[in-house]
Amino acid sequence: GNSFTFAGTNINQFVDTENYNAGTNCVDVSTTPPSGFDLVFRADMLAGQTVLVRELGGLDAVIHILQQPSCGAGTTCSASTDFNEVAGIQFTAAVAGPVFIVVESWGNPLPTTTYDIRIDRFQCGDGLIGGSETCDDGGTTGGNGCSATCTIESGFICVGEPSICLIGCGDGDLDVGETCDDDRNDDGD
């Protein structure tokens, strides 16, 4: 699907079978503390599709995204982070193909440490709002309220999926179709 959750306790059961830190552009956690227990996911991506990976549990996680024919140690990371697991890490595929998502623990957590890994895939123009999108009207043509990168354009208000964008009254800007706009949004203008 476009998103899934993998959660539980005792990430230690997945052992430390790979050391992804040797790859170019990968966050290096191979020294202190040592790289920890790891999980690997595969997401088949379309060109232009974006994946957002987050860890919402108690795990101090290091997240790597690899877009190569393999996912083993030493592979170049397309994205890699050790900070802000809740906000996560995002990667947009330039070409169609598999993306490997590696979540490894920073060091050796307790067997009771919770983990909650969320992986979402989205694409601007699919009519669904995901990731950093603030609107998605089902297309990638700007000038209609929802930009070509699926962000709300100045002077518009967008709601729903697919997004319907209307000129925003009460924003202080006199937009096309408005005869006045006093920035109060109190129905008195």
Given side chains that start at C-beta, do those of [X] and [Y] come closer than 4.5 Å, heavy atoms only?
X    : Y    : value
V99  : F91  : yes
N10  : T112 : no
L166 : I157 : no
I65  : V51  : yes

Q) If you round to the nearest 0.5 Å, how far is CD1 of I11 from OG1 of T114? A) 10.0 Å
**Q.** OG on S147 to CD1 on I152, rounded to 0.5 Å
**A.** 9.5 Å
Can you name the nearest heavy-atom pair linking [X] to [Y], along with the distance?
X    : Y    : result
G143 : F156 : O-CZ, 4.4 Å
C146 : C158 : N-SG, 4.4 Å
Q13  : Y115 : NE2-OH, 4.1 Å
I101 : I119 : CD1-CG2, 3.7 Å
S80  : N25  : CB-O, 3.5 Å
Q49  : D44  : OE1-O, 4.0 Å

(Q) Same cluster or not: F4 versus I89, using hydrophobic residues (I, L, V, M, F, W, Y) connected whenever any side-chain heavy atoms lie under 4.5 Å apart? (A) yes
Q) Just wondering, are more than 12 heavy atoms of other shown residues or ligands nearer than 6.0 Å to CD1 in I164? A) no
Donor-acceptor contact below 3.5 Å, side chain [X] vs main chain [Y]:
X    : Y    : answer
Q67  : V95  : yes
N12  : P109 : yes
S105 : F37  : yes
S78  : L66  : no
E104 : D38  : no
E85  : A61  : yes
E161 : I129 : yes
Q123 : G125 : no
T81  : F83  : yes
R54  : D116 : no

Q. Other than L56, what residues sit in its cluster of Ile, Leu, Val, Met, Phe, Trp and Tyr side chains whose heavy atoms are under 4.5 Å apart, directly or through others?
A. V86
Q: Quick one: list whatever passes ring-ring contact (aromatic ring centres under 6.0 Å, His included) with F14, sequence neighbours left out.
A: none
(Q) Between R118 and D120, does any side-chain N to carboxylate O distance fall below 4.0 Å? (A) no
**Q.** Aromatic ring proximity, centroids under 6.0 angstrom, F6 and F41
**A.** yes
Q: Keeping to residues at least two apart or across chains, list the salt bridge (charged side-chain N to carboxylate O under 4.0 Å, His left out) pairs with something in residues 131-147.
A: none
Q: Test W106 against D82 for side chain to side chain contact (heavy atoms under 4.5 Å, CB included), laying out the working first.
A: CA-CA 8 Å; W106 176 267; D82 176 36; 3.8 Å; yes
